[in-house]
2 protein chains.
Amino acid sequence: MASSDPLVPSSRVSPRVSTTTTPDRGTRVASGRLRVAVPSVAERVADELRLQLAEGALPPGMRLTESTIAEDLGVSRNTVREAFVELASERLVVRHPNRGVFVASLEAGDIHDVYTVRRAIEVSALRAGGSPEDMAAVRAAVEEGKRAAAARDDEALGTANQHFHGAIVAMAGSPRLNSIMGQVLAEMRLFFHKATVDAQFYQHYLKDNETICLALESGELDRAADLLLAYLDRSEDNLNEVHGEAGTD
Amino acid sequence: MASSDPLVPSSRVSPRVSTTTTPDRGTRVASGRLRVAVPSVAERVADELRLQLAEGALPPGMRLTESTIAEDLGVSRNTVREAFVELASERLVVRHPNRGVFVASLEAGDIHDVYTVRRAIEVSALRAGGSPEDMAAVRAAVEEGKRAAAARDDEALGTANQHFHGAIVAMAGSPRLNSIMGQVLAEMRLFFHKATVDAQFYQHYLKDNETICLALESGELDRAADLLLAYLDRSEDNLNEVHGEAGTD
DNA sequence: ATCTTCAGATTGTTCAACAATCCTTCGATT
DNA sequence: AATCGAAGGATTGTTGAACAATCTGAAGAT
């Protein structure tokens with residue numbers, strides 16, 4: 001869904017005939033100076049592709065042809081190209097020179113690698129602790145997960161889980177760590193659509209998150225870090241099992 | 001230096017008149033199948049800019065005009081643009097919409113941020129230990145630093161120091177962590193040209209590296225990690241001092 | 001002195017062209 | 001029949017030109 005929505009407002013039918021058209025994507029703020037960050041077309045293409053990748057509309061391994069995407073989104077091939085460079089730097093797609101761009105697919109080694117990064121940054125952030133607001137965000141993610149579990153909404157449960165781990169990293173207050181974590185989570189999302197894990201899978205995580213959060217709130221940072229580490233190890237094993245089963249298609 | 005070398009071999013004088021010219025950048029290997037990764041022009045532009053950034057030829061805050069760079073390197077504007085997207089994703093340049101691309105400059109907050117990332121990934125990698133070969137690489141970097149110090153080569157000393165920390169992260173055997181560390185070190189290189197620190201500055205680091213390496217080699221991973229953490233804290237403080245002095249231009 | 005207007009420069013984006021490369025198909029050879 | 005190699009088509013890589021949108025800075029008006 002949302003696959004063929006044009007990114008440009010739809011006034012681009014015959015681009016050259018209109019001389020000095022009315023401003024298209026100006027969003028001109030008459031009074032203030034603050035421009036609220038109007039994303040460029042290339043960025044919006046990247047955003048759209050990121051969204052479709054996260055939704056599973058573009059499955060891992062799929063080839064992304066430049067001209068097709070350009071037509072579908074109503075932009076030029078060069079703009080798609082810029083978006084591809086960005087997505088490739090985030091490891092969401094892989095560029096094979098002269099062959100094309102493909103949706104990234106996590107192999108067994110990649111899973112371990114991703115979890116190595118997660119262990120590094122999540123444990124580090126947790127061990128350093130955070131402000132009360134930061135911890136409140138972690139707690140909020142735990143409660144969000146509980147609600148999702150009560151509503152038997154697996155999708156929401158997965159989202160809450162990502163919020164939980166995102167909140168842990170956010171405790172460090174580091175834009176760079178947040179950005180790295182965001183990319184890692186995006187990579188995992190890419191993979192998760194292959195295996196819709198059962199509810200018990202997540203239920204287990206839910207309890208772990210609660211325990212970790214409690215340890216954090218009581219100031220037992222080292223214990224919280226150890227718990228998180230164990231959690232990540234188990235999560236990696238779980239994912240590998242799922243991968244071993246689902247990876248034989 | 002090496003600022004105006006064209007990236008394309010120089011057969012690009014009149015690009016349209018020649019129909020079916022001889023292969024320009026083919027590097028065709030007659031026998032084998034293995035193509036040794038011929039970098040695209042955009043990648044080479046990014047490489048060249050990265051190099052000039054690391055060398056300090058493009059100082060922080062400097063504006064990089066698309067057409068100028070395109071002319072200097074003998075490539076098209078669109079290609080430069082692709083390179084800019086990549087460099088921006090590495091935080092080596094900053095893009096101001098409709099205003100241009102500027103060489104990134106680390107502010108005080110950025111320094112702390114960079115060190116937060118380093119603490120996370122270096123300590124994590126060190127704590128997990130590594131194979132004998134990995135540790136040998138760490139040791140080699142220490143010796144490299146000693147030689148550079150003996151030769152009073154500050155440049156080489158800085159390089160050896162980066163090798164040391166790179167080798168520590170490489171112990172984790174994680175391509176993603178290596179890539180992150182590479183970017184972080186590139187960011188720091190960008191900054192280091194502002195302050196050519198004195199020899200004693202590095203001498204101190206040299207002893208720390210030796211101590212950390214010894215702890216690692218004797219299997220005292222936790223102690224090595226603690227030492228590294230302390231080292232990074234001190235290094236951050238040092239850098240902030242230097243920044244406070246030199247940043248007043 | 002402050003505001004507006006205007007021109008110049010640069011970025012953002014598109015388009016069209018072509019070269020280089022890859023993949024496939026189809027013969028030709030052994 | 002199997003293998004090899006040569007067209008052919010499709011797609012990527014790269015360029016150059018064009019133009020709209022935006023920013024910058026300077027000249028002019030209030």
Side-chain angles (χ1 to χ4, degrees), chain A residues 6-9 11-31 33 35 37-46 63-71 73-85 88 93-102, chain B residues 6-9 11-31 33 35 37-46 63-71 73-85 88 93-102:
Chain A
L7 286 177
V8 288
S11 71
R12 219 200 89 269
V13 188
S14 53
R16 189 153 304 178
V17 291
S18 62
T19 50
T20 54
T21 52
T22 54
D24 251 348
R25 60 180 201 87
T27 321
R28 181 171 316 185
V29 190
S31 57
R33 197 79 252 260
R35 177 163 253 89
V38 180
S40 74
V41 176
E43 280 173 66
R44 275 183 289 169
V45 169
R63 177 175 189 174
L64 301 179
T65 307
E66 289 181 0
S67 44
T68 304
I69 303 238
E71 269 182 50
L73 298 176
V75 301
S76 91
R77 216 160 57 89
N78 270 331
T79 302
V80 173
R81 231 148 191 294
E82 279 188 32
F84 278 171
V85 173
V93 303
V94 179
R95 300 187 90 184
H96 292 265
N98 286 316
R99 297 194 13 118
V101 173
F102 300 82
Chain B
L7 286 176
V8 288
S11 71
R12 220 199 85 273
V13 188
S14 54
R16 189 153 304 175
V17 291
S18 60
T19 49
T20 54
T21 52
T22 54
D24 253 347
R25 61 177 200 87
T27 322
R28 182 172 314 183
V29 190
S31 57
R33 196 81 252 262
R35 175 162 255 90
V38 181
S40 74
V41 175
E43 280 173 67
R44 275 182 290 168
V45 169
R63 176 173 191 178
L64 301 179
T65 307
E66 291 181 358
S67 43
T68 305
I69 305 250
E71 269 182 50
L73 276 63
V75 300
S76 91
R77 241 183 81 211
N78 273 329
T79 302
V80 173
R81 227 143 196 294
E82 279 188 34
F84 279 172
V85 174
V93 303
V94 179
R95 302 188 87 184
H96 291 262
N98 288 315
R99 295 193 15 124
V101 173
F102 299 82

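Just so it is clear: chains get the letters A, B, ... in the order the sequence lines come, proteins before strands, and each one is counted from 1.
Taking atom NE2 of residue B:His96 and atom C1' of nucleotide D:dA21, one finds them 19 Å apart after rounding to whole Å. Straight-line distance from the CG atom of B:Asn78 to the C1' atom of C:dT14: 9 Å, rounded to whole Å. Counting to the nearest Å, the P atom of C:dT11 and the CD atom of B:Glu71 are 12 Å from each other. Taking atom CZ on B:Arg95 and atom P on C:dT10, their separation rounds to 17 Å, with Å as the unit. Look at CD on A:Glu82: it is 14 Å from P on D:dT14, rounded to the nearest Å. Taking atom CZ of residue B:Phe84 and atom C1' of nucleotide C:dT13, one finds them 17 Å apart after rounding to whole Å. The distance from atom CZ of A:Arg44 to atom P of C:dG12 is 13 Å, rounded to the nearest whole Å.
At a threshold of 4.5 Å between non-hydrogen side-chain atoms, the residues B:Phe84 and B:Leu64 count as touching. B:Arg95 has its side chain within reach of B:Val85: a pair of non-hydrogen atoms, C-beta onward, lies under 4.5 Å apart. Side-chain atoms of B:Val80 and B:Leu73, non-hydrogen and from C-beta on, never get closer than 4.5 Å to each other. With contacts defined as side-chain heavy-atom distances shorter than 4.5 Å, the pair B:Val45/B:Glu43 does not qualify.
Residues B:Glu82 and B:Ala42 approach most closely at OE1-CB, 3.7 Å, considering heavy atoms.
Legend: residues meeting salt bridge (charged side-chain N to carboxylate O under 4.0 Å, His left out) with B:Arg77, ordered by chain and number and at least two apart, are B:Glu66. In terms of the side-chain hydrogen bond (donor to acceptor under 3.5 Å, both in side chains) criterion, A:Thr65 has no residue partners (sequence neighbours excluded).
OP1 or OP2 of C:dT14 lies within a sub-4.0 Å distance of a side-chain N or O belonging to A:Thr79. Residue A:Arg81 has no polar side-chain atom (N or O) positioned under 4.0 Å from OP1 or OP2 of C:dT13.
With values rounded to the nearest 0.5 angstrom, B:Arg63 atom CZ is found 9.0 Å from B:Thr68 atom OG1. The CD1 atom of B:Ile69 sits 13.0 Å away from the OG1 atom of B:Thr79 when rounded to the nearest 0.5 Å.
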What does the list of N/O pairs under 3.5 Å between the protein and nucleotides 6-11 of chain D look like, with a distance for each?
unit_1: D:dT11; atom_1: O3'; unit_2: A:Arg63; atom_2: NH2; d: 3.2

Would you tabulate the nitrogen or oxygen pairs shorter than 3.5 Å linking the protein to nucleotides 4-6 of chain C?
none

